[in-house]
Amino acid sequence: ILPSPLLDLLGVFVLLHVITSINDIKQRIKTQKENHSTIGFVPTMGALHEGHLGLIRQARKENDTVVVSIFVNPLQFGKNEDFKHYPRTFDNDCKLISQEGVDIVFKPDASEMYPDEFCTSVILEHLEDKLCGKSRPGHFRGVAVVVLKLLNLIKPDIAYFGQKDFQQTVVIKRLVSDLHVDVTIKVLPTIRDQDGLALSSRNAYLSETEKKDAPCLYMALTKARAMVNTGIKNTEEIVQEMGKIVSQCKSGMIDYISVVDPETLESVPKVRSGDVALLAVRIGKTRLIDNVILMLLMALSWFRLC
Ligand code: PAF
């Protein structure tokens, strides 16, 4: 009789097909395509939480085969960022994934993804240097490269992303459209804790006190929504009020607060329905991001009538 943690692990690996080599994933995807199996893909960096599981569940509902990738992509971390410390919880991720009926986990090696001679970059002019790109230069190039590589390997019909990383979703949609990648990108709403804090693998870095401060991001966004609901459209006024809320939280340092067009990410002087309020705040040493889509009341009531 094996000790139960070992049984747990064996159970996980018997049910889940974990593929690590690029050749093997190509072969497996080729077979799926020959069988006319539709493929739903959820790319992740692991340290899975309910946000990821929501994407996986949606993928499970809508496709014959579900592939989840787990790869902490070195290319999207700056020199002084948290690549080394990023949470790596593979065994637990596998346990969670296996409960969701995922067919394939792709966990490539960095050395195979980025061999020494690798030198390709993907630049998204006008999108990569705004908002998060200002304080994380090179981040979105790293995201674009890895997502394009993964889409080329997995060839999914639908790929799923969370709205929490709003700028990332805009970059990926642009990339797919500009380069004619044959995939549908689905963006699902942010999953939050009861106090409003958007779920993120980086929340694991927060101390108990910081955890109490962190919901200030969502409080600021809720204020923006409330202001728009009362008819205020002036974004300068909205951003100022959001800033006041974040400033009340002791461990918070604002990186940016902005209201932008959802496609160009240009800041807008007056809110229109569909514009997005976003912010990045350092809570202690942890940089958190969040956003909400703003709807003018008239548009909201029209949606409710339909
Ligand atoms: O959102 C993430 O977890 C990552 O940026 C992604 C899309 C998996 C690319 O590494």
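Basis for what follows: all heavy atoms, side chains included, without hydrogens, waters or symmetry-related copies.
Thr65 and Ser37 share a donor-acceptor pair across their side chains, judged by distance under 3.5 Å alone.
Scanning for ring-ring contact (aromatic ring centres under 6.0 Å, His included) contacts around Tyr86 gives Phe77, with sequence neighbours left out. For Lys186, the side chain to side chain donor-acceptor pair (under 3.5 Å) test picks out Glu62, with sequence neighbours left out. Residues satisfying the side chain to side chain contact (heavy atoms under 4.5 Å, CB included) test with Leu148, not counting sequence neighbours, are Val122, Asn152, Leu175, Leu179, Val181. His49 pairs by the ring-ring contact (aromatic ring centres under 6.0 Å, His included) definition with His52, not counting sequence neighbours.
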Contacts under 3.5 angstrom, residues 107-115 side chains, donor-acceptor by atom type, not counting sequence neighbours:
{"residue": "Glu112", "atom": "OE1", "partner": "Ile22", "partner atom": "N", "Å": "3.2"}
{"residue": "Tyr114", "atom": "OH", "partner": "Asn73", "partner atom": "OD1", "Å": "2.7"}

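Side-chain contact between Ile254 and Leu279 is absent, with no heavy atoms from C-beta onward closer than 4.5 Å. Side-chain contact between Val171 and Glu128: absent, with no pair of heavy atoms (C-beta onward) separated by less than 4.5 Å. Residues Ile70 and Met45 form no side-chain contact, since every pair of their non-hydrogen atoms from C-beta on lies 4.5 Å or further apart.
In summary, Lys285 and Glu210 do not engage in a salt bridge, as defined by a charged side-chain N under 4.0 Å from a carboxylate O. Taking 4.0 Å as the cut-off between side-chain N and carboxylate O, Asp195 and Lys212 do not count as a salt-bridged pair. With salt bridges taken as basic N to acidic carboxylate O contacts below 4.0 Å, one links Glu81 and Arg136.
Residue-environment remark: CD (Glu34) exceeds the threshold of 12 foreign heavy atoms within 6.0 Å.
Sorted by first and then second residue, the pairs that involve residues 162-176 and meet salt bridge (Lys or Arg N to Asp or Glu O under 4.0 Å), not counting sequence neighbours, are Arg174-Asp178.
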